[in-house]
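To start, the structure under review is shown below, and the notes come after it.
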Amino acid sequence: MTIGLLFASLVLQPVWWMGLIREWRTSNHRIRAERRTFGSAVYQDQYELRHYLSQSLVLGVLASLLSILVGVTVPITWWIMYTVLALLGMMALPAGGPLIVLVISIAGYFANQVYGFWQPDETTLTQLGFSDWLPANPNFVAVATIALLLVSTWLYRIGGRYNAPQVLTKQRGQKVAEYRFNELAVIPMLVLVPGDWFVSHTSFWPTLMVGQHRMTLLFLPLVIGLRWTILKQVPRVALVQLARKVLVLGIVGLVLTVISRFVPVSTPWLLGGLVIGYGLVLGSERLRDQHRDFWFSDVNRGVRVIGIQPRTPAAKMALNIGDIILECNHVPVNNEDDFYRALLQDATYCHLRIQEPDGELKVSETAIFANAPHEIGVVLFQQ
């Protein structure tokens, strides 16, 4: 066994690569759907992939620092169980499934400790340089807490930055737009695992001693994700609000982590409390969205903005999704064709009179690409 195994647990981690493939497929599916609905993709780039790569790196550093600071120690049997379940979940579960994988793996570990479904051969573990010894209380509450803090940070950093609409037709033929956040990330988090398989080959590798036992480091492929549909709120506002509530739950989790240290028998109950709390946060935010009166719906007077393409003239204007364009170049508009005909009144400039969702009126102006009105970057309901 060589030091290359540590890097293999990161670089060759099948869960991470499966997540990368999954996000690539998600982005391709979104782009194809946008082209079918609007004629061109609202976001041409595969931002899901960029988020996956960047957040895995940034949040991996943050998670590892928190893990080492807290001293998160997990049994090798649970590490294997979680990795296998995460890989299966990546293939079968929606983006919101990672919490289910974490809960099932921890519950499975406790059940295995009680009923002995699977006990790895101690001789095999010893030959690999691992140990089946564990502290009295594995830090599962700390793992769950770190996962919640990562979800909060992740949502705040990327949630609602790219608002790709999907158009639905309600009863009586009314068109409405909804916004789906459908992303995940695999965070490589360093954890302590009982064993000395590094020290036996590399004396400089840092280890910790807990009593008479040596601990080494492994990357845990911690999966976080969310599949969330927003119907009646600005997506960025809704997801930041959700991130704040998850952050509060994560802070509560820090307190519960301390309690679990001193009262190990309370660990299953504390974990159950965090799971229920997370479910209540998600449920309350869904109800908050559903009980609002506003819809991103088509209108009879003006045209509703349901998307704004990046790096276009519209992105530089005081336009937000949900706004209603009443006039373009001083010409009243009531549908997409009216809007683009009005744009042609001035080949290089655009003047808009806009009504915000709360009824306030505003005016916005910008230069546009000469003789290219369809490249202004405003996404409207198709006729």
Side-chain angles (χ1 to χ4, degrees), residues 3-28 30-31 43-72 74 79 82-83 85-87 89-91 93 95-99 101-102 139 142-162 164 181-193 198 205-206 216-228 236 239-240 242-244 246-247 250 253-254 310:
I3 193 171
L5 287 176
L6 176 68
F7 298 102
S9 71
L10 172 63
V11 178
L12 301 180
Q13 174 57 250
V15 177
W16 191 90
W17 285 104
M18 182 61 69
L20 183 69
I21 294 171
R22 177 166 172 157
E23 289 300 274
W24 174 75
R25 292 182 61 187
T26 297
S27 62
N28 283 340
R30 172 188 56 80
I31 290 172
Y43 298 103
Q44 296 280 357
D45 67 327
Q46 295 177 305
Y47 63 80
E48 294 91 345
L49 278 179
R50 286 194 289 103
H51 289 166
Y52 183 87
L53 294 170
S54 63
Q55 300 311 304
S56 291
L57 175 62
V58 174
L59 296 183
V61 173
L62 175 62
S64 296
L65 289 175
L66 286 173
S67 175
I68 299 304
L69 180 64
V70 175
V72 174
V74 299
W79 186 93
Y82 175 80
T83 301
L85 287 175
L87 185 60
M90 197 74 70
M91 294 184 286
L93 294 176
L99 179 65
V101 171
L102 183 61
N139 304 128
V143 173
T145 297
I146 291 174
L148 290 172
L149 294 174
L150 290 175
V151 168
S152 175
T153 305
W154 176 70
L155 281 176
Y156 187 82
R157 288 174 61 89
I158 70 172
R161 301 288 186 183
Y162 293 83
F181 179 84
N182 183 28
E183 296 191 43
L184 56 79
V186 178
I187 312 301
M189 181 175 77
L190 281 171
V191 294
L192 295 170
V193 176
F198 279 124
W205 189 261
T216 190
L217 296 169
L218 272 181
F219 283 105
L220 175 71
L222 188 60
V223 186
I224 61 174
L226 183 68
R227 183 173 183 175
W228 197 253
R236 177 62 182 166
L239 289 170
V240 166
L242 177 59
R244 288 171 178 166
V246 176
L247 175 60
L254 292 175

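The first residue of the sequence shown is numbered 1, and numbering continues consecutively from there.
- Looking only at side-chain heavy atoms (C-beta outward), Ile158 and Tyr47 stay at 4.5 Å or farther from each other.
- The CD1 atom of Ile224 lies 11.5 Å from the CG atom of Leu99; values are rounded to the nearest 0.5 Å.
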* **Ile21/Met90 under side chain to side chain contact (heavy atoms under 4.5 Å, CB included): CA gap, chis, key distance, verdict** => CA-CA 10 Å; Ile21 294 171; Met90 197 74 70; over 6 Å; no

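- The minimum heavy-atom distance between Gly89 and Arg22, with the atom names listed, is O-NH1, 3.8 Å.
- The backbone N or O of Ile187 lies less than 3.5 Å from no partner atom in the side chain of Ser56, so there is not a single donor-acceptor pair.
- Every residue meeting the side chain to side chain contact (heavy atoms under 4.5 Å, CB included) condition with Arg244, not counting sequence neighbours, appears here in chain and number order: Val240, Gln241.
- Between the side chains of Tyr162 and Arg50, at least one donor N or O sits under 3.5 Å from an acceptor N or O.
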* Tell me, with the steps shown, if Leu254 and Leu149 meet side chain to side chain contact (heavy atoms under 4.5 Å, CB included). => CA-CA 10 Å; Leu254 292 175; Leu149 294 174; 4.3 Å; yes

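- Heavy-atom minimum distance, Ala63 versus Met189: O-CG, 3.6 Å.
- Side-chain N or O atoms of Ser64 include one that pairs as donor or acceptor with a backbone N or O of Leu190 at under 3.5 Å.
- Atom OG in Ser67 sits 8.0 Å away from atom CG in Leu220 (nearest 0.5 Å).
- Between atom CZ of residue Arg227 and atom OG1 of residue Thr26 there is a gap of 9.0 Å, rounded to the nearest 0.5 Å.
- In this view, Tyr43 satisfies the side chain to side chain donor-acceptor pair (under 3.5 Å) rule with no residue, not counting sequence neighbours.
- Distance check, rounded to the nearest 0.5 Å: CG of Leu239 to CH2 of Trp228 gives 8.5 Å.
- Nearest heavy-atom pair, Val70 versus Ala142, reported as atom, atom and distance to 0.1 Å: CG1-CB, 4.0 Å.
- The heavy-atom pair separating Leu53 from Leu20 by the smallest distance is CD2-CD1, 3.8 Å.
- At least one side-chain heavy atom of Trp154 sits under 4.5 Å from a side-chain heavy atom of Glu183.
- Rounded to the nearest 0.5 Å, atoms CD (Glu23) and CZ (Arg30) are 10.5 Å apart.
- With sequence neighbours excluded, the residues that form a side chain to side chain contact (heavy atoms under 4.5 Å, CB included) with Gln44 are Arg35, Ser40, Ala41.
- Taking 4.5 Å as the limit, some side-chain heavy atom of Gln46 sits within range of a side-chain heavy atom of Trp24.
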* Steps toward side chain to side chain contact (heavy atoms under 4.5 Å, CB included) verdict (Val143, Val72) -> CA-CA 7 Å; Val143 173; Val72 174; 3.6 Å; yes

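- Checking Leu62, Leu69, Ile68, Val61 one by one against Leu65, the side-chain contact (heavy atoms from CB on, under 4.5 Å) holds for a single residue, Val61.
- Considering only heavy atoms from C-beta on, Arg157 comes within 4.5 Å of Val58 through its side chain.
- Val193 has its side chain within reach of Val74: a pair of non-hydrogen atoms, C-beta onward, lies under 4.5 Å apart.
- Nearest heavy atoms, Gln13 versus Thr83: OE1-CG2, 3.7 Å.
- Between the CG atom of Leu247 and the CG atom of Leu242 there is a distance of 11.0 Å, given to the nearest 0.5 Å.
- Residues Thr153 and Leu59 form a side-chain contact, since some pair of their non-hydrogen atoms from C-beta on lies under 4.5 Å apart.
- The two atoms that bring Ala243 and Ser152 nearest to each other are O-OG, 2.8 Å, heavy atoms only.
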* To do: Just do the side chain to side chain contact (heavy atoms under 4.5 Å, CB included) check on Val223 and Tyr82 with the steps written out, would you?
  => CA-CA 10 Å; Val223 186; Tyr82 175 80; 3.9 Å; yes

